Amino acid sequence: MKKLSAGFKTRSFFRKPEFKTKPLRVVGINSGTSCDGLDSALVEFVPGNLPRLLFSKTYPYSPKVRETLLTAGDPGFKNGEYWMKFNSKLGKLMGEFASDFLSMAKKKRLTPHLMASHGHTIRHLPGKSGGSFTLQIGEPSQIASLTGLPVISDFRSSDIAAGGQGAPLSPLLHEKLFRSRTRFRAVVNIGGIANITVLPPEKSRKRPFAADCGPGNMVVDSAMKILYGRRYDMDGETALRGEADKKTVNRIMRMSFFKSPPPKSTGREQFGHGFLGKIFINCKGYRPEDIIATISEITIRAIADFISRYAPGIEEIYLCGGGAGNKYIVAGLNYILRGADIRSTSELGYDPDYIEAMLWAYLGYCFAAGIRVDSNRFTGAKKTYIPGKLCLP
Ligand SMILES: Nc1ncnc2c1ncn2[C@@H]1O[C@H](COP(=O)(O)OP(=O)(O)O)[C@@H](O)[C@H]1O
Ligand SMILES: [Mg+2]
């Protein structure tokens, strides 16, 4: 009986009209395609103000967890029972990380109201008009049970049910945080995949749009593992020592993905092992650093070509995601896109490593406050929707 009344209490917590007027603190957790770790961000939402990042931390995955994520997410891997078991295990691990994060927040006298988890994508198959499929694992019930907080999750499925492709969703937050009244801006997130949000100035009345533009760090990470036994190219040091093979880059840029117009999304299905194998064949006999430079150059070209084709005249580009720390990529973008100012989102007050985690916190906030999101111009969703679903502790 006691438990039941506690449940009712928690339930009535949602959709309360005061969440549209009172501050709400949400912990967003993100596990990206790079499989590097769990980004955790405590975000405060005060109606009428922009979201504020109060506290953040990344919990790196052990090599074993990382390997398991990579195996489970490989497009050729189709063992449903393995996914089912790993879903539960990963949920527990996320719950443990989140509990640690909550106790650290508590020491800073910060008390969150709820959690918002993206989970880890192991399959994302975009299709036309409602025919998209997506699967994120990391059981939210485990997270709720371990943290004692309500957990909102499975945001991409809400978008697909509304007729969208389920991705990209980050433009919903990019638009909110970074759109300017007068400046023509873009936000480029260089995670495992590189995605871009184009933000015409508000006064222009043109609509923002977004797309995945190609591989970000995912391919270079795999190549670093094979060629050097390292997890990633720290600061782009290896690429900076090498020389990109322009012929291979040009050949790759002829792939139909790069030519198709936005909106579009992609993942390991297109830029996984098979893609890396193709590059290794093209670069047979090359020095390892030249291969790393070639792969990094593909990321640069994927972003720069997209901007030249679909957003010419852009004035400011804000970078976020781990790849924003890759000096080879940043230098390459500066060289090709000379007309634009290229900066980190930190210059607008937002830590580039936590924008994605902030996004899930934002969507969790929308759920709690009953705010409908409109992702039509980003994912093709046919109607507005309240994002996510709820697990109570
Ligand atoms: N200092 C750095 N220099 C170069 N690359 C970096 C650096 N820091 C992080 N990265 C890259 O960023 C990746 C993590 O980026 P992240 O934004 O978390 O991507 P995802 O959302 O796909 O997990 C790492 O795997 C690594 O490739
Ligand atoms: Mg990551």
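As the structure lists them, so they are numbered: ligands from 1, and atoms in each ligand from 1. The structure presented is a predicted model; accordingly, all values stated were derived computationally and were not measured.
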Query raised in the report: Is Glu356 in polar range of ligand 1, meaning some N or O pair under 3.5 Å apart?
Result: no

Query - Top protein contact for atom 5 (N) of ligand 1, by heavy-atom distance - result: Tyr232 CD1, 3.6 Å

Report task. Would you mind running through ligand 1 and noting each atom that sits below 4.0 Å from a heavy atom of Gly321? Result -> 17 (O)

Query raised in the report: Which bit of Arg231 is near ligand 1, meaning a heavy atom under 4.0 Å away: side chain, backbone, both or neither?
Result: side chain

**Report entry** Over 12 foreign heavy atoms within 6.0 Å of CZ, Arg52
**Finding:** no

Query raised in the report: So is Asn189 polar-close to ligand 1, meaning N/O to N/O under 3.5 Å?
Result: no

Query - Under 4.0 Å to a heavy atom of Gly192 - the qualifying atoms of ligand 1, by number - result: 19 (O), 20 (P), 22 (O)

**Report entry** Near-ring test Tyr350/Tyr318, centroid separation under 6.0 angstrom
**Finding:** no

Query raised in the report: For ligand 1, which atoms, with element, lie under 4.0 Å from some heavy atom of Gly323?
Result: 12 (O)

Query raised in the report: Regarding Arg268 and the six-membered ring of Phe271, is the cationic atom NZ or CZ under 6.0 Å from the ring centre and inside 45° of its axis?
Result: no

Query - Test item: side-chain donor near acceptor, Thr58 and Asp39, under 3.5 Å - result: yes

Query raised in the report: In terms of residue, atom name and distance, what is the protein heavy atom nearest to atom 18 (O) of ligand 1?
Result: Asp36 OD2, 3.2 Å

Query - Which residue and heavy atom of the protein sit nearest atom 10 (N) of ligand 1, plus the separation - result: Gly322 O, 3.3 Å

**Report entry** For atom 19 (O) of ligand 1, the protein heavy atom that lies nearest, with its residue and separation
**Finding:** Ser34 OG, 3.1 Å

Query raised in the report: With under 30° as parallel and over 60° as perpendicular, where do the rings of Trp83 and Phe77 fit, or are they tilted in between?
Result: tilted

**Report entry** Close-contact set for ligand 1 against Gly191 heavy atoms, below 4.0 Å
**Finding:** 17 (O), 19 (O), 22 (O)

Query raised in the report: Are the charged groups of Lys85 and Glu81 less than 4.0 angstrom apart, N to O?
Result: yes

**Report entry** Close N or O approach (Asp235, ligand 1; < 3.5 Å)
**Finding:** yes

Query raised in the report: Do the ring centers of Phe101 and Phe55 come within less than 6.0 Å of each other?
Result: yes

Requested in this report: Using distance alone, decide if ligand 1 has a nitrogen or oxygen within less than 3.5 Å of any nitrogen or oxygen in Met234.
Outcome: no

Report task. Tell me which one of Ile190, Asn217, Thr58 gets a heavy atom nearest to atom 13 (C) of ligand 1. Result -> Asn217

Requested in this report: Restricting to N/O/S, name the atom of Asp36 that gets closest to the Mg ion (ligand 2).
Outcome: OD1

Query raised in the report: Is there a salt bridge (Lys or Arg N to Asp or Glu O under 4.0 Å) between Glu237 and Arg230 once you walk through the steps?
Result: CA-CA 12 Å; Glu237 275 173 2; Arg230 283 194 234 142; 5.6 Å; no

Query raised in the report: Got an N/O contact under 3.5 Å between Ile193 and ligand 1?
Result: no

Query raised in the report: Do Ile336 and Leu333 share a hydrophobic cluster, counting only Ile, Leu, Val, Met, Phe, Trp and Tyr and linking them when any side-chain heavy atoms are less than 4.5 Å apart?
Result: yes

Query raised in the report: Is a salt bridge present between Arg25 and Glu44, judged by a nitrogen-to-oxygen distance below 4.0 Å?
Result: yes

Query raised in the report: Using heavy atoms and a threshold below 4.0 Å, how should the contact between Asp233 and ligand 1 be classified: side chain, backbone, both, or neither?
Result: backbone

**Report entry** Ligand-side contact atoms (ligand 1) for residue partner Gly32, heavy atom cut-off under 4.0 Å
**Finding:** 20 (P), 21 (O), 22 (O), 23 (O)

Query - Contact partition for Thr33 relative to ligand 1, non-hydrogen atoms under 4.0 Å - result: both

Query raised in the report: Does a donor on one side chain sit under 3.5 Å from an acceptor on the other, for Tyr232 and Asn217?
Result: no

Requested in this report: Record the part of Asn326 in heavy-atom contact with ligand 1 below 4.0 Å; permitted values are side chain, backbone, both and neither.
Outcome: both

